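Working notes, structure below.
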Amino acid sequence: MQGVLVLILFAVWAAVMWLGFVYVFPVLFPVTLAVAGGAALGLYYLHACRTLAPSTLEGPSPVAAPDVAYRNYLLGQVWRDWWTITRTVVPRVWTTASRTVRWLTRTLLLGGPWGFFAFPFWLALCAGIAAAAVPAAVFVLALTVLYGIVAAAGLAGWLACVLVLAAVERVFMAYGRILQTCPHPFCYERIALPEYECPGCGARHPRLAPGSAGAFRHVCRCGARLPTTVPLGRFRLAAYCPHCGGRLPERIGRVRVEPLPFVGGPAAGKTTFMVLGIRALHARAHAAGGRLSFVERRHAEAYAAAIREFQRGGRLAKTGPELPLATMVDVDLPDRPGGRASARSGKRGARRILYLFDPAGEHYTGATEVESLRYLDHGEALVFVVDPFALPQVRRALTGKERELVDRAAMSSDEDPADTLQRVLNELRSRPDRGRQKRVAVVVTKTDLLARTEIGRGLDGGVRAWLAGVGLGNTVRTLEQVAGRVRYFASGLGAEPAEVAELLTWASGLGPGTAADGAPAAAADPEPPGTAPARAPWPVRGRGAERVPAGYRLGRLAVLGGLSLLTVGTVTGAVLAAAQRLPDLTLLARPPF
């Protein structure tokens, strides 16, 4: 009896196994596979949305605030986002699948005697869950490829923009012969790229150029978007020397800096001639519809005080012994005379930021002192100021009354101008170009006093000939060998402003410095130049310090859009495949009788 019962149970079990594997397994397995795969896909997409949708720094994949500027999204954060999604979803899918398999095992196989008959159901469910790992892995691989495609396409575009912008700026700098140097004492270094200050938070950006932080804009840690090239507006930011941290003039990088040293011994009249030159150049610019302004307020105040001293008939105070901060003058001269209307019409003119270096004459009295004047390394022009009463031959030629007149009216030094110039030329020869100068202006000062002496009457025959006649013949010939062009000028308190303006216009590279070059200097002095801004400041724009940059947001949305298309494509393909497979499954599940 027991043997019959065992045979019956075995027959029933065999029938259930046959029905389960023939009719149930082929249907339940693909359904489980589809449900498990869809669940994994949905979980992946859900976490991708949670990771990529936030626009703030916080989130599942937080964005660390940078020290200065954010790096390009595709150079780092994109892969941190991918890793955040992957390391979150994969363990969760594995954990969920393992728990489900263990629950099915306990419920179907170990839950009671029916476990002997539930094996096909258990196997179909567990096999479907396990097999879902294959499409899930394929989907993860496809997502990784998608990240790679987005990153590669974005980086290719970024690299092309970086190269084009860098080339455009190089061409702009080369075409405009843009020179950038530091005007501050104990520095005077040549500058390849200044440090720029963010107008939003004051952070200094040492590498504000097309690169890893962005092609067109860098995003500061405060969220402000800053231009990366001069043509894009970088000159509208406050600039600082990367070597000493000193403030640089506005428009640096857009306008050429022209160092113009005034070379001469103590009491040679360098400061007086510089003030006269600024006044004449300001009058020329004012009459032509241009502009001249000081960069530093203290220089504007010193200039105004010097003009008042001239008007009272007094003398300027002696220059202090410290190394000089360049008197920085920003000059715009229109191309042609036409008044203020032509200046407003946008016609391009000559533009320079002049660094007028006026050290105390004692800095030229020794080789060590001259060596400290590092600004001599960068310029292509200089003004050699000659005190005629410092020339030994002139001093010997003065009569007693003339000597009394000179001593009473002006200060003179015992430094021979020939020695002064020789020290400067020796220092210039250490440059790679051997000290070659394009333009040298030789200015004989105090000619209003010199004309009252017998030896000074020879100036009527020309400054160069007079200098050669008083012992500077070798000096003159040396200058003409090391300079492309040399001009000679006689200066005094009564010097014609138009002629002074023409000389400085030529020496500073603003133009040929001829009367036809522009409008003549105005007869009456215009208002003294101030420190009016030379450009509009850069506006503070951005998404704020608490939100990710627009580039990050755009990159994440591009990845999320690609992921959405990939998800829709996967679901659509699965549905179409299931629709084609459904008739076969229906026929397979139909009983044979």
Side-chain angles (χ1 to χ4, degrees), residues 50-81 84 151 154-155 157-159 161-162 165-166 169 180 182 184 191-254 295 533-560:
R50 289 178 179 176
T51 302
L52 301 175
S55 61
T56 60
L57 298 180
E58 303 299 328
S61 180
V63 178
D67 294 334
V68 179
Y70 289 89
R71 295 188 71 206
N72 189 305
Y73 174 74
L74 301 176
L75 292 178
Q77 186 63 39
V78 64
W79 298 112
R80 285 192 287 272
D81 291 347
T84 298
L155 287 176
W158 162 80
L159 182 59
C161 292
V162 166
L165 288 174
E169 183 161 67
Q180 302 177 107
C182 178
H184 293 278
I191 300 169
L193 181 66
E195 289 185 349
Y196 289 93
E197 182 179 78
C198 172
C201 66
R204 300 278 183 91
H205 291 251
R207 295 298 304 169
L208 189 56
S212 61
F216 294 91
R217 297 284 188 270
H218 285 191
V219 180
C220 182
R221 64 190 181 193
C222 69
R225 301 174 69 241
L226 308 178
T228 57
T229 65
V230 170
L232 292 176
R234 191 178 63 198
F235 67 95
R236 296 168 63 184
L237 299 170
Y240 295 85
C241 174
H243 305 287
C244 69
R247 179 71 180 263
L248 299 176
E250 297 176 354
R251 301 202 305 168
I252 192 167
R254 188 186 190 191
V295 173
R535 82 290 187 271
W538 183 259
V540 179
R541 295 172 182 168
R543 296 171 60 85
E546 71 284 351
R547 302 180 68 187
V548 297
Y552 280 50
R553 185 71 176 141
L554 181 62
R556 284 178 165 179
L557 290 179
V559 172
L560 187 58

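As the structure is a computational prediction, the values presented were derived from the model and not from experiment. In this chain, residues are counted from 1 in sequence order.
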Of all residues at least two apart in sequence or in a different chain, which pass the side chain to side chain contact (heavy atoms under 4.5 Å, CB included) check with [X]?
X      : answer
Leu155 : Leu74, Leu75, Trp158
Arg547 : Ser55, Arg543
Arg204 : Glu195, Glu197, Tyr240

Residues 220-237 side chain polar contacts: donor-acceptor under 3.5 Å, at least two apart:
residue, atom, partner, partner atom, Å
Arg221, NH1, Asp67, O, 2.8
Thr228, OG1, Ala215, O, 2.6
Thr228, OG1, Phe216, O, 3.3
Thr229, OG1, Leu232, N, 3.3
Arg234, NE, Tyr196, OH, 3.4
Arg234, NH1, Leu208, O, 2.9
Arg234, NH1, Thr228, O, 2.8
Arg234, NH2, Glu169, OE2, 2.9
Arg236, NE, Ala536, O, 3.0
Arg236, NH2, Pro537, O, 3.2

Tell me if a side-chain donor or acceptor on Arg71 pairs with a main-chain N or O of Gly214 at a distance below 3.5 Å.
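Flag not set: sc Arg71 to bb Gly214 has no pair under 3.5 Å.
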
Taking His184 for its side chain and Gly245 for its backbone only, find out whether a donor-acceptor pair lies under 3.5 Å.
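Absent.
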
At their closest point, which heavy atom of [X] faces which heavy atom of [Y], and how far apart are they?
X      : Y      : result
His218 : Ala209 : NE2-O, 2.9 Å
Trp79  : Ala151 : CZ2-CB, 4.1 Å
Pro66  : Ala69  : CB-O, 3.2 Å
Ala192 : Gln180 : O-NE2, 3.3 Å
Cys182 : Ile191 : N-CD1, 3.8 Å
Val548 : Arg556 : CG1-NH1, 4.4 Å

So do the side chains of Arg207 and Leu193 get within less than 4.5 Å of each other, counting heavy atoms only?
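SC-SC contact between Arg207 and Leu193 confirmed.
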
Contacts table for residues 56-64: side-chain donor-acceptor under 3.5 angstrom, sequence neighbours left out:
residue, atom, partner, partner atom, Å
Thr56, OG1, Glu58, O, 3.2
Ser61, OG, Gln77, NE2, 3.2
Ser61, OG, Asp81, OD1, 2.6

